[in-house]
Amino acid sequence: MSRLGEGQTGSAGVVRVELVARLRERIAEVEDAIFARARTLSEGVGEEDPEYVAGLRATVGEALDFALIHIEKGEDWTGPIPSAAAEQARRSARAGVRLDTVLRRYAAGDRLLGDFIMDEADRFPSQALRKVLRIHGPQVDRLMAAVATEYMDEVARMKRSPTQRLAERVQRLVAGESLADIGGLEYSFDAWHLGLIVKGTKAEACVRALAAGLDSQVLVVPRGDGIVWAWLGARRPLAVPDVERLLSDGIAGDATLAVGETRRGLDGWRLTHREAQAAQEVMLRKAQRLTRARDVVLLAAVLRDDALAKSLFETYLAPLEGHGDSGAVLRETLRAYFSAGLNAATAAAALAVDRHTVQRRLRKVEEALGRLLPDCHAELVVALGLEELDAEAAADGTSTVS
């Protein structure tokens, strides 16, 4: 309920507080709109890196909170610049995203926030809303100036750093440039390659230990934030189970790994890296030692499209509520059934129920969906996977399905 009664104008402070309260009621909608707009202002180069996208989402959330606090506190408030914004500026510089693109995103986000503020025009005096927008402008300028400074400082640091020059060359090669255009990398591309993305305090040491254990060449590119891109190269295909065996020997420390599949030649070198990036989409949301692309590729693809994720949830999980057994019971049964290789007896043993109970529940699922399970097996597996990731993310306030 509004603090302003009908016909009341209220003090400027009351208007600001009430306006922010109403905007916070719509915070998910506002944040999603700004994030979607920011994604449309994309150059493509380096911007599909899951870590970059996650950083962009975090930046939108913190920058929006920064803006709302300023509106609420008034023009004299000068809080610290959001840490996510500073880090994303540096990440953008490392990814080769132009500064004008970074700043255009802030300008676009500010315009969208202004649109949401004006949506409240019928509840507040128009003069008060115009003043809010007017005094908000300098704070946006301050934020953008700070972001530009962080970006340029990172560019200057990169010019002094051989590691950053290597990262820039490798990124160009990943994007499709030829070896002749970027020069030698002291790594043979006429080989079998296994792409990895490793995160941890000793990520590079982990990769080099794997290379030694597998008797392979290695290309390691630090990416900041404790993350490295890496490739292992050998004359024979490298087996992911061998990687898992070495990890079980304790060489990884606190590292987590996203792993592609073994591919051959330069095109294969690019493909196995893309696969590792797909696995990283899931690794960012579900902590586990190793995430393999072939196990999560469909799930990773859906994670890149919020609307598609929501569609899967609404189509395949939401209808399971209200059909005798609870939706949670039906979903648990589906997970057990799929884990058992579609064997009802094995699923029943895992659930400590009889086989007929499992079969009855599966029929209820089919009735609820209006489809036979074999006809929507893959969709259900992905939808259930999304729900599991959403539960993992709930602890830190993020969500796969909104």
Side-chain angles (χ1 to χ4, degrees), residues 1-4 8-41 54-93 97 99-154 396-399 402:
M1 179 179 291
S2 173
R3 295 179 178 85
L4 302 179
Q8 291 182 309
T9 57
S11 69
V14 171
V15 168
R16 291 197 307 268
V17 169
E18 178 64 15
L19 173 61
V20 169
R22 296 195 67 86
L23 290 172
R24 288 198 182 281
E25 289 175 358
R26 304 174 64 187
I27 194 70
E29 178 188 358
V30 179
E31 185 175 326
D32 286 347
I34 294 175
F35 178 68
R37 177 59 178 148
R39 292 300 306 276
T40 66
L41 299 173
L56 182 59
R57 169 66 86 172
T59 300
V60 169
E62 287 194 16
L64 179 56
D65 189 58
F66 175 84
L68 295 182
I69 292 174
H70 173 251
I71 291 171
E72 187 173 41
K73 300 290 186 182
E75 58 187 315
D76 294 332
W77 181 78
T78 55
I81 299 300
S83 60
E87 178 53 40
Q88 188 69 0
R90 296 190 291 269
R91 190 179 287 118
S92 295
V97 179
L99 178 57
D100 68 313
T101 299
V102 174
L103 297 181
R104 283 169 58 213
R105 284 172 168 157
Y106 282 94
D110 182 48
R111 288 194 297 272
L112 274 173
L113 179 57
D115 290 343
F116 278 98
I117 290 173
M118 295 313 297
D119 279 349
E120 306 295 332
D122 61 333
R123 299 179 177 88
F124 300 98
S126 59
Q127 183 177 358
L129 291 181
R130 284 195 295 270
K131 184 177 180 181
V132 165
L133 293 173
R134 185 172 65 253
I135 66 175
H136 179 58
Q139 194 76 333
V140 176
D141 293 341
R142 182 170 80 92
L143 175 58
M144 292 172 67
V147 164
T149 297
E150 292 285 350
Y151 183 100
M152 295 309 298
D153 286 350
E154 185 70 7
D396 41 52
T398 59
S399 179
S402 56

R57 vs D32, side-chain contact (heavy atoms from CB on, under 4.5 Å): CA-CA, chis, key distance, verdict:
CA-CA 9 Å; R57 169 66 86 172; D32 286 347; 3.0 Å; yes
State the CG-CG distance between L113 and L64, to the nearest 0.5 angstrom.
6.0 Å
CZ on R105 to CG on L41, rounded to 0.5 Å
6.5 Å
Residue list, salt bridge (charged side-chain N to carboxylate O under 4.0 Å, His left out) with [X], at least two apart or on another chain:
X: R90; value: E87, E150
X: D100; value: R98
X: D65; value: R24

Which residues share a side chain to side chain contact (heavy atoms under 4.5 Å, CB included) with [X], sequence neighbours left out:
X: D119; answer: R26, F116
X: A84; answer: A58, T59, E62
X: L112; answer: I34, R37, D115

Summary of ring pair (Phe, Tyr, Trp, His ring centres under 6.0 Å) pairs that have at least one residue in residues 11-38, sequence neighbours excluded
none
In terms of side-chain geometry, is the basic nitrogen of E154 or R91 positioned less than 4.0 Å from the acidic oxygen of its partner?
no
Measure the shortest side-chain to side-chain distance between I81 and R142 over non-hydrogen atoms and say whether it is less than 4.5 angstrom.
yes
Test item: H136 and D110 side chains (from C-beta on) under 4.5 Å apart, heavy atoms:
yes
What pairs of donor and acceptor atoms, side-chain ones from residues 69-80 against any protein atom, are under 3.5 angstrom apart with sequence neighbours left out?
none

Looking only at heavy atoms, what is the nearest atom pair of A85 and Y106, with distance?
CB-OH, 3.3 Å
